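Remarks on the structure that follows.
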Amino acid sequence: MAKDSKVELKKGFRDVYFDRTTTSLIVGKPGKLLYRGYTIDDLAEHSTFEETSYLLLYGALPTSSQLDCFTSDLKVSRALPDEVLQVIDLIKDAHPMDVLRTAVSIMGLSDADVMDVTPEGALTKGVHMTAALPTIVAAHHRLRTGNEPIAPNGELDHAANFLYMLKGETPDPLDARLIDKDFVLHAEHGANASTFVARVAASTRADFYAALTAAIATLKGPRHGGAAEGAMRMAEEIGSVENAEAYVNAKLEARERIMGFGHAVYKDVDPRAKHLRAGAKALGEREGQTKWYSIIDAVTKTKAMQRRSRAGLNPNVDLWAGAVYSLLGIPEDLFVPLFAIGRMPGWAAHIVEQLTARDILRPRLLYNGPEDVEYVPIEDRT
Ligand code: COA
């Protein structure tokens, strides 16, 4: 943090509050996360992605009939317009996050009400895009692997239908439940980088798809959405439990970061992590494949990471997400798109909230370049 005579710089906006929100509460120490007042523990254990999405979008838990109605709305919005499928096919060799970003942009072109920037309009679009994102990701994966996209299955819930469209077979209910829980755990997280840019775009009254495209573009960064991929790559590099200690020491000596550890807000435990840790363990045991869980667990137990844990640097949710996705046979470059599918209702809730706010989000930069420099005509410059 640097100080000028009057200005205090808050690098990375740490501890800067730019507005109020009713979407979520994140407490860094002790680690605590509430969506609309409900603890992440209750939601992870007892809720579903559909119910949690309703909670985030409409602000309260649904009754049975409200949930039925919402679930039907989601199901009818799963199919993609033909032109979106055609564009996905045209660009199928690109990175899945680039395809997702482009497809969302094209979805905006297909919406006759694209310039409806009322909170109610954004809410409708939020429901629609919550339903559509899994179809985009799955259709792209099918096309790039030489297969036809699979139409959504109205008999299946959100998470199960995603796995079905991706793999072409009805998933084991336990696998579907685990992905459902993963989506719940990723659904909302305050003013993180992608949500913040979505709110900046919404504050200018750019359309919903513009805000969403900006969020997806930002999530692509390895410091934001890429941690699950990084953590899984780390486990592959370590290769066996015995190598964990030496690997971690070498990385830290080289002043590199251990992927899946640390958080900008949580300076204690990440309350989401234990749920995916338990899921990764159970899934590994079910599949007779405990290797990845054991290696990642060994990393958390190395002397260096135990020491850092006591100082507040702990596993985050994405340390375990990569192991879950890998065990379910999901390719590494789809890990960030899965994060996007989970985060979709959170982004939508924030866009809606920002559309009720008056101010354009416009921070300032403290200039520290030269001043009053003499303009020299080009022919006189050396
Ligand atoms: N491994 C080792 N050291 C780490 C670390 C990690 N994953 N994360 C932070 N640190 C260290 C930093 O090197 C720094 O040490 P120093 O003060 O000796 O230089 C200190 O902890 C504070 O780091 P800082 O970058 O200020 O923390 P932050 O809270 O701003 O960073 C992250 C948050 C998420 C960007 C950071 O922890 C990180 O890069 N983690 C790995 C990527 C990841 O898992 N991201 C997913 C987040 S959900």
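Remember, predicted model here, so these are calculated numbers, not experimental data. For ligands, and for the atoms within them, numbers begin at 1 and follow the listed sequence.
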ask   = Which of the atoms in ligand 1, numbered in the order shown and given with their element, are less than 4.0 Å from a heavy-atom of His263?
value =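 Listed by number with element, the hits are 29 (O), 33 (C), 34 (C), 37 (O), 48 (S).
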note = The ring pair (Phe, Tyr, Trp, His ring centres under 6.0 Å) partner of Trp320 among Tyr293, Trp292, Phe335 is Tyr293
task = Verify the ring-centre separation between His189 and His263: is it less than 6.0 angstrom?
result =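 Yes, the ring centres sit under 6.0 Å apart.
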Please compare [options] and report which has the shortest non-hydrogen distance to [atom].
atom: atom 10 (N) of ligand 1; options: Val248, Leu313, Ile258; value: Leu313
atom: atom 31 (O) of ligand 1; options: His189, Lys251, Arg223, Arg257; value: Arg257
atom: atom 45 (N) of ligand 1; options: Gly12, Ala227, Gly262; value: Ala227

Within-shell test, Leu252 vs ligand 1, heavy atom, strictly < 4.0 Å = yes
query = Does ligand 1 have any atom sitting under 4.0 Å from a heavy atom of Lys267?
reply =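 In this structure, Lys267 qualifies as a contact of ligand 1 - some heavy atom is under 4.0 Å.
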inquiry  = Given the ring of Phe18, does Arg362 sit roughly above its face, with NZ or CZ under 6.0 Å from the centre of the six-membered ring and within 45° of the axis?
reply    = no
Is the shortest side-chain N to carboxylate O distance from [X] to [Y] below 4.0 Å?
X: Glu188; Y: Arg36; value: no
X: Asp19; Y: Arg358; value: no
X: Asp116; Y: Lys125; value: no

ask   = Quick check: does Arg308 get an N/O under 3.5 Å from an N/O on ligand 1?
value = no
task = For atom 21 (O) of ligand 1, decide whether some protein heavy-atom distance is shorter than 4.0 Å.
result = no
query = Where does Leu319 meet ligand 1, judged by heavy-atom distances below 4.0 Å: at the side chain, the backbone, both, or neither?
reply = neither
inquiry  = Under a 3.5 Å cutoff, is there a donor and acceptor pairing between the side chains of His186 and Arg343?
reply    = no
